[in-house]
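A short write-up of the structure that comes next.
Note that the structure is a prediction, hence the values are computed from the model and not measured. Both ligands and their constituent atoms are indexed starting at 1 by order of listing.
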Amino acid sequence: MNQGNDLRGDYSHINDDYTIDQDWSTYTEAEHELWRKLYDRQSRILPGYAAEDYIRNLMKLDAADQIPHFGRVSEKLHAATGWHLVAVPGLVPDDVFFDHLANRRFPVTVWLRKPEEMDYLVEPDIFHDFFGHVPMLYDPTFADYLAAYGAKGPEAIAKGGLKQLARMYWYMVEFGLIMTPHGLRAYGAGMLSSQTETIYSVTDPTPNRVAFELERVMGTDYAIDDFQKTYFVLESYDQLFDAMNVPLAPIYDRLAKKPAIDPATTLSTDRLYHVHGAADSIISLGE
Ligand code: HBI
Ligand code: FE
């Protein structure tokens, strides 16, 4: 029986931490074929738009030919950065999610979208979770950040900062950009599992691209059903890890006293990046 909401399918046994067995042998040949199609279509557009270290780590996962087996991937991943993949039926409650991250367990949804959902999906499926998120778990700094991020869950829940902490996940794990020697690149799972948003996020002049600053991110609202109006840009993943080493409660207190920032706007204090056409063009900073 299903304990949570919007859990697709019926799972015989779901644990208290919402983990289930992946039951890899139950995937059909049609599902493996759809996985190959999604993987091939998405991976061919990555060069020039996705962060090079994301691409390198994706290749390490060797997941092009069939739906990945979480146990086999976890063995390699654990040796690299101490993370395991755990199978879940879908979105799990925030406190459960944070606890998994704090213990270096990344929840990966077990079901794959339907062919008619090829381009857009409301909730994350195995393709979004695996193709989008798992490669970055191979990056030691990002992997340490995500565990430190999860450990901040209980304090955020206790101090009324859950919405603000969740924005760090949304903007910096799902939709993060990073400046690299080759130019602006996408590393966020939300764009890298979407062909259109990967390209849009790196080349389209429309959205705001704001230099990462912790309190600015935590204070900025977001919509979940369209391309982002604001992306935040890192110079290095170290900035994420360092951000988890400052006291967050004072930030929650300050933000509770003012309205959220509309992502369609920018602040005079923002350091802005401007893109000029192709992804590899020189990015101007400021003005
Ligand atoms: N559950 N399985 C799963 N995957 C997520 O990405 C996820 C979640 N629960 C909550 C959540 N994300 C966000 O609200 C985080 O910001 C906490
Ligand atoms: Fe995600």
Protein heavy atom at shortest distance from atom 9 (N) of ligand 1 | Val92 O, 2.8 Å
Classify the angle between the aromatic ring planes of His32 and Tyr27 as parallel (below 30°), tilted (30 to 60°) or perpendicular (above 60°).
-> perpendicular
The N/O/S atom of His133 lying closest to the Fe ion (ligand 2) is NE2
Rounded to the nearest 0.5 angstrom, the OG1-CD distance for Thr141 and Gln239 is 11.5 Å
Give the numbers and elements of all ligand 1 atoms closer than 4.0 Å to a heavy atom of Phe98.
-> 17 (C)
Which heavy atom of the protein is the closest neighbour of atom 2 (N) of ligand 1, given with residue, atom name and distance?
-> Gly90 O, 3.0 Å
Among N, O or S atoms, Glu174 approaches the Fe ion (ligand 2) most closely through OE2
Quick one: OG on Ser193 to CZ on Phe130, what's the gap to the nearest 0.5 Å?
-> 13.0 Å
Test ring pair (Phe, Tyr, Trp, His ring centres under 6.0 Å) applied to Phe97 and Tyr18, Tyr149, Tyr169, the passing residue | Tyr169
So which of Tyr18, Phe106, Phe97, Trp170 gets nearest to atom 15 (C) of ligand 1, if we judge by its closest heavy atom?
-> Phe97
Identity of the nearest option to atom 16 (O) of ligand 1, non-hydrogen atoms only, from Pro107, Ala156, Ala166, Gly190 = Ala166
Counting from 1 in the order shown, the ligand 1 atoms closer than 4.0 Å to a non-hydrogen atom of Asp94 are 10 (C), 11 (C), 13 (C), 14 (O), 17 (C)
Using atom types as modelled and distance alone, determine if a side-chain donor or acceptor of Asn103 lies under 3.5 Å from a backbone N or O of Asp99.
-> yes
Is the shortest distance from a Lys or Arg side-chain nitrogen in Asp40 or Arg44 to a carboxylate oxygen in the other one below 4.0 Å?
-> yes
Hey, is Pro93 one of the residues with a heavy atom under 4.0 angstrom from ligand 1?
-> no
Going by distance alone, is a donor N or O of one side chain under 3.5 Å from an acceptor N or O of the other, for Gln195 and Tyr49?
-> no
